[in-house]
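The basis for the numbers below is simple: all heavy atoms, side chains too, and nothing from hydrogens, waters or symmetry mates.
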Amino acid sequence: MQSNDWHYPTSIRVGAGRVRELASACEASGIRRPLLVTDRFLGGTDMIQRALADCRKALGICGLFDQVKGNPTGTNVAEGLQAYKAGSHDGVIAFGGGSALDAAKAIALMSGQTRPLWDFEDIGENHRRADPEGIAPIIALPTTAGTGSEVGRASVITDEQARVKRTILHIRMMPRVAILDANLTLGLPADLTAATGVDALTHCMEAYCSPVYHPMAEAVAVKGMQMIKQFLPRAVADGSDLQARQEMLVASSLGAAAFQRGLGGVHAIAQTLGALYDHHHGLLNAILLPYVLQANQSVLGPQMDELAVALGLTRPGFNGVMEWLLTLREQIGIPHTLGALGIDERDAALVGQMAFADGCSHTNPIRHSAQMYTQIFCNAVRGR
């Protein structure tokens with residue numbers, strides 16, 4: 001299996017065992033006193049303890065903040081920022097799944113700002129409010145192949161008071177170095193491997209279907225889907241398959257690079273449900289994807305014809321893509337309905353309104369109404 005260094009869309013070090021380069025990556029990025037940010041589960045693991053020990057040996061100081069929730073909150077960011085300032089840190093190591101990476105990037109953003117976090121929500125020109133020199137450098141190490149946050153400029157944080165997820169964006173939130181080391185994903189259970197893998201697929205699929213003109217992102221999305229088709233079933237079936245794990249990490253990063261073209265209705269609904277019910281984002285995407293594709297079918301004909309060919313499907317067009325997607329989900333154990341997660345229709349109207357207001361809905365191939373998002377949600381609850 002190859003080890004490579006890439007520089008798209010940031011500096012990426014790819015290969016099993018490259019976590020050993022964490023301290024040197026910090027030094028190359030001007031970080032001498034990093035704060036390692038991760039989630040509550042990973043904080044006590046050998047993986048994190050080894051990384052801390054390596055950085056402390058090479059750099060002298062490396063702090064730890066390990067209180068990030070599965071859906072990171074504004075409180076998580078505030079508490080992490082307090083730890084950052086208390087330790088006089090000068091950079092952030094984002095280590096973990098997408099939630100830990102998103103929280104870490106928001107902490108880095110806020111390390112030198114005077115405005116509150118929500119002032120930097122990705123609306124209009126809000127990113128111009130940030131002091132670019134006040135954004136700490138970031139090194140990112142993903143432990144799941146899903147969000148691709150390690151190569152992204154944004155983080156998604158839950159506003160607990162408003163019960164809504166907000167996207168915070170700034171170009172300097174892009175990590176200076178991303179380390180894609182398959183060894184860091186070997187312990188991920190099959191169900192999370194599946195959910196995060198279809199999260200990556202959703203990024204590729206929604207970016208591919210977006211009406212935004214961005215041929216580079218469109219091409220990257222296709223390659224990501226080809227890799228996921230080949231390697232996700234292998235990674236779920238055999239979690240020790242190092243090649244499949246490594247290829248899925250790369251596919252996940254491709255998905256994040258692709259969604260520079262925008263996302264769509266799947267994310268609009270999933271982010272709403274994550275804020276309301278605190279369910280796993282990747283699993284919500286994995287369940288919702290076919291229902292949103294079905295709602296968008298009327299405008300996807302030519303794209304799905306091309307995608308079916310690119311994926312080498314035996315059945316052509318939209319029906320071939322849908323058949324492959326449903327078969328894949330069943331093969332890797334993704335539930336067919338939101339009802340399987342205990343979600344019912346009591347908040348259906350609110351879900352529709354929030355999904356319509358979500359920024360991702362603006363790059364869905366069809367500008368669905370709030371009522372239509374309510375219907376899509378109900379279909380996903382019932383399995384229609």
Side-chain angles (χ1 to χ4, degrees), residues 7-11 29-31 35 37 72-82 84-85 89-92 94 98-140 147-162 164-178 203 206-207 210-214 216-217 220 253 255-264 267-268 271-272 275 354 356-364 367:
H7 298 278
Y8 174 78
T10 189
S11 177
S29 302
I31 301 172
L35 175 68
V37 177
T73 64
T75 299
N76 289 156
V77 175
E79 292 174 347
L81 181 61
Q82 184 178 14
Y84 183 92
K85 292 184 174 180
H89 297 289
D90 63 357
V92 173
S99 298
L101 270 56
D102 276 12
K105 289 159 64 178
I107 292 166
L109 167 72
M110 295 301 295
S111 64
Q113 308 303 323
T114 57
R115 287 176 172 269
L117 176 64
W118 308 132
D119 278 8
F120 307 113
E121 185 176 4
D122 184 23
I123 298 174
E125 298 292 306
N126 281 355
H127 64 279
R128 295 185 181 276
R129 295 173 169 177
D131 175 5
E133 299 305 316
I135 303 174
I138 306 160
I139 309 297
T147 69
S149 186
E150 68 277 1
V151 297
R153 303 165 295 172
S155 65
V156 179
I157 307 294
T158 299
D159 180 342
E160 303 108 306
Q161 290 188 327
V164 65
K165 287 193 174 188
R166 302 191 188 278
T167 299
I168 311 300
L169 182 140
H170 196 282
I171 186 63
R172 290 210 179 184
M173 290 171 67
M174 175 83 75
R176 302 283 180 89
V177 179
H203 294 155
E206 289 211 288
S210 166
V212 174
Y213 181 70
H214 195 328
M216 290 176 285
V220 167
S253 292
F259 68 62
Q260 291 184 29
R261 199 179 188 212
L263 293 168
H267 275 77
Q271 291 183 165
T272 295
M354 291 177 65
F356 177 76
D358 189 282
C360 292
S361 71
H362 294 278
T363 46
N364 193 70
R367 184 65 173 136

message: Between I157 and W118, is the side-chain contact (heavy atoms from CB on, under 4.5 Å) condition met? List the steps.
response: CA-CA 9 Å; I157 307 294; W118 308 132; 3.7 Å; yes
statement: Interatomic distance, OG1@T272 vs CE@M354, rounded to 0.5 Å, equals 4.5 Å
message: Any side-chain to backbone donor/acceptor pair from R261 onto V212? Under 3.5 Å, distance only.
response: yes
Over all atoms of both residues, closest heavy-atom pair of C360 and A268: CB-N, 3.9 Å
message: Treating E206 as the side-chain partner and H267 as the backbone partner, does any N or O pair qualify as donor plus acceptor under 3.5 Å?
response: yes
- request: Measure from the side-chain N and O atoms of T73 to the backbone N and O of N76, and report whether any donor-acceptor pair falls under 3.5 Å.
  value: yes
task: Determine, step by step, whether S361 and R367 satisfy the side-chain contact (heavy atoms from CB on, under 4.5 Å) criterion, reporting the C-alpha distance in whole Å, the side-chain angles of both residues, the deciding distance to 0.1 Å, and the verdict.
output: CA-CA 7 Å; S361 71; R367 184 65 173 136; 2.6 Å; yes
task: Identify, with sequence neighbours excluded, every residue that meets ring-ring contact (aromatic ring centres under 6.0 Å, His included) alongside F120.
output: none
task: Nearest 0.5 Å please: distance from the NE2 atom of H170 over to the CZ atom of R128.
output: 9.0 Å
- request: Look only at the side chain of S111 and the backbone of G134, and say whether a donor-acceptor pair between them is shorter than 3.5 Å.
  value: yes
Rounded distance [0.5 Å steps], CG in L263 versus CD in Q271: 7.5 Å
T10 and R176: side chain donor to acceptor below 3.5 Å: no
message: Let me confirm one number: the CD-OG1 distance from E79 to T75, rounded to the nearest 0.5 Å.
response: 6.0 Å
message: I'd like to know if the side chain of R129 reaches the main chain of D119, judged simply by a donor and an acceptor atom lying under 3.5 Å from each other, with no hydrogens or angles considered.
response: yes
query: Between A94 and A104, what is the shortest heavy-atom contact and its length?
result: CB-CB, 3.4 Å
pair M216-Q260: side-chain heavy atoms closer than 4.5 Å: no
query: At their closest point, which heavy atom of G74 faces which heavy atom of L117, and how far apart are they?
result: CA-CD2, 4.4 Å
query: Should L109 and K105 count as side-chain neighbours, where that means a heavy-atom distance under 4.5 Å?
result: no
query: H89 vs Y84 aromatic rings, parallel, tilted or perpendicular, using cut-offs 30° and 60°?
result: tilted
- prompt: Can you tell me how far the NZ atom of K165 sits from the CD atom of E121, to the nearest 0.5 Å?
  reply: 13.5 Å
Backbone N/O of V164 and side chain of D159: donor-acceptor pair under 3.5 Å: no
task: First locate atom CZ of R172, then atom CZ of R153, and finally report the distance between them rounded to the nearest 0.5 Å.
output: 14.5 Å
message: Could you walk me through whether M174 and I138 satisfy the side-chain contact (heavy atoms from CB on, under 4.5 Å) test, starting with their C-alpha distance in whole Å, then the side-chain angles of each, then the deciding distance to 0.1 Å, before giving a yes or no?
response: CA-CA 7 Å; M174 175 83 75; I138 306 160; over 6 Å; no
- request: Decide if atom CD of E160 counts as having more than 12 heavy atoms of other residues, nucleotides or ligands within a radius under 6.0 Å.
  value: yes
- prompt: If you look at every heavy atom in D90 and G30, which pair is closest and at what distance?
  reply: OD2-O, 3.9 Å
- prompt: Is the backbone of A103 close enough, under 3.5 Å, to the side chain of S155 for a donor and an acceptor to pair up by distance?
  reply: no
message: Run the side-chain contact (heavy atoms from CB on, under 4.5 Å) test on D131 and Q113 for me, step by step, so that the C-alpha distance in whole Å, both residues' side-chain angles and the decisive distance to 0.1 Å come before the verdict.
response: CA-CA 6 Å; D131 175 5; Q113 308 303 323; 3.6 Å; yes
query: What are the two closest non-hydrogen atoms of V151 and A256, and how far apart are they?
result: CG2-CB, 3.7 Å
- prompt: Of the non-hydrogen atoms in T167 and A154, which two are nearest, and what is the gap between them?
  reply: CG2-CB, 3.9 Å
